[in-house]
Amino acid sequence: MAATAASGLQLASARPCIASSRRVFKAGAANLDVNSKAVSWTKLASACHLSQSLEPFWRSFSLSSFKFNKVVTKAMSESSENKPVSGLPIDLKGKRAFIAGVADDNGYGWAIAKSLAAAGAEILVGTWVPALNIFETSLRRGKFDESRVLPDGSLMEITKVYPLDAVFDNPDDVPEDIKTNKRYAGSANWTVKEVAESVKQDFGSIDILVHSLANGPEVSKPLLETSRNGYLAALSASSYSYVSLLKHFIPLMNPGMFIVRLILVSYQIKRGSSISLTYIASERIIPGYGGGMSSAKAALESDTRVLAFEAGRKHKIRVNTISAGPLRSRAAKAIGFIDTMIEYSIANAPLQKELSADEVGNAAAFLASPLASAITGAIIYVDNGLNAMGVGVDSPIFKDLNIPGEKH
């Protein structure tokens, strides 16, 4: 099981300072213990502006008292669990994640699953029905073993793979031509509602939901040449599918628990986490990314904000999306110009390097962790900073400006 075999990701930093207290983070919860021998209650109350009564005590406590310096990512092996740990751990042990949209070992969905597993989470995945047999066969025969290696040397374990087609909410939505399609033969219970019910029956609950789905049947067409059916299909598969997944999985989602302990008093800040993937085409013109896909990503980002409010208020679930840069995945190759986009990014982004899927996976692990307990409704850019650029600096127009950069 990934929850027992995987190592955790750790963000190592200088120790935070709150009065003279010491801090221990362990087992998915953050425990703040105060050394009563070193700090008296009076001094602590004075330093943090706390009164003796519990309610004002809690209202006055602020995590802004912490100060952090430069942060780096490193692996925290299982063998070091009982050793003193410096820094802030991303520890998802005991958490269960469902990642929708994993069909191979080189996309963002796979990378997110690996990072969550490295942090200790148990991994469940939903795979598009026509790709299910190939994916399960490759997994079983060890073709993904090299890609499954975690920072501590163990292999990521996928507890269960579910067939999923997130275009359909329930069996009544499935048209006859899909029901009789041979690519769906042998699979059952693969609509969103049925998958959620199956996960509930098998495991009872989840803590983390990841949407890594997108499809535009007319993505190679300019918007003016896109049909109504093609446009709506892109929105259905790439944006509404997230609404549907969250709607059906929320009843299964544990709100999570971020425990803060001061002296003998404990408080629980409950936050489950849901994450999706978007792209800069939602807000910038990317010629060639057509068929309504740019509109679908814009809808996904708008929905992220609305869902963050609704799911946060009603269910204490955080909702965020990661705007990832171009990746040479199998799905992206279908667009036809992914290599050009990667070259453009390297030439024009503030950080001149090719983006790795693991960098997006690590960002997802952070967003799923208690360290991101106050982050919701956000678009997190993981694209080497390309989103910040207003012009392409590789243009001949700028050849005389002596812009610093590396030749590639």
Check for me whether the distance between the ring centres of Phe337 and Tyr289 falls short of 6.0 Å. no
With a 4.5 Å heavy-atom cut-off, do Arg96 and Ser205 have their side chains touching? yes
Below 3.5 Å, can you tabulate the donor-acceptor pairs from side chains in residues 378-397 to any protein atom, sequence neighbours excluded?
residue	atom	partner	partner atom	Å
Tyr381	OH	Glu283	OE2	2.6
Asp383	OD1	Gly385	N	2.9
Asp383	OD1	Leu386	N	3.4
Asp383	OD1	Asn387	ND2	3.0
Asp383	OD2	Asn387	N	3.0
Asp383	OD2	Asn387	ND2	3.2
Asn384	OD1	Lys353	NZ	2.8
Asn384	ND2	Lys353	O	2.9
Asp394	OD1	Asn348	ND2	3.3
Asp394	OD2	Asn348	ND2	3.4
Ser395	OG	Ile397	N	3.2

Kindly compute the distance separating CD (Glu197) from CG (Asn189), expressed to the nearest 0.5 Å. 8.0 Å
Side chains of Leu235 and Ser295 in contact at under 4.5 Å (non-hydrogen atoms): yes
Rounded to the nearest 0.5 angstrom, the CG-OG1 distance for Asp165 and Thr127 is 12.0 Å
Do you know the tightest heavy-atom contact between Ala237 and Asn215? CB-O, 3.8 Å
Heavy-atom pair of closest approach, residues Ser241 and His211: OG-NE2, 2.7 Å
Quick check: closest heavy atoms across Ala111 and Ala357, and the distance to 0.1 Å? CB-O, 3.3 Å
Just wondering, are more than 12 heavy atoms of other shown residues or ligands nearer than 6.0 Å to CD1 in Ile178? yes
Validation row: Leu252, Phe98 side chains within 4.5 angstrom (heavy atoms): no
Tell me, with the steps shown, if Arg148 and Glu157 meet side chain to side chain contact (heavy atoms under 4.5 Å, CB included). CA-CA 8 Å; Arg148 290 171 58 203; Glu157 296 291 341; 3.4 Å; yes
Between Tyr242 and Ser274, a side-chain donor and acceptor under 3.5 Å: yes
For Met156 and Ile158: C-alpha separation, side-chain torsions, deciding distance, then whether side chain to side chain contact (heavy atoms under 4.5 Å, CB included) applies. CA-CA 7 Å; Met156 173 180 68; Ile158 297 177; 4.2 Å; yes
Without hydrogens or angle criteria, can the side chains of Ser227 and Asn229 be said to hold a donor-acceptor pair below 3.5 Å? no
Got a second to check how far Asp104's CG is from Trp110's CH2, nearest 0.5 Å? 9.0 Å
Nearest 0.5 Å, please: how far is CH2 in Trp190 from CH2 in Trp128? 11.0 Å
Step through the shown structure and confirm whether more than 12 heavy atoms of other residues, nucleotides or ligands are within 6.0 Å of NZ on Lys314. no
Return the NE2 to CG distance between His248 and Leu245, rounded to the nearest 0.5 Å. 9.0 Å
Stepwise, does the side chain to side chain donor-acceptor pair (under 3.5 Å) test hold for Thr191 with Asn170? CA-CA 5 Å; Thr191 63; Asn170 57 67; over 6 Å; no
Sole candidate of Ser276, Ser239, Ser282 that passes side chain to side chain donor-acceptor pair (under 3.5 Å) when paired with Glu301: Ser282
Nearest 0.5 angstrom please: Thr321 OG1 to Leu307 CG, how far? 10.5 Å
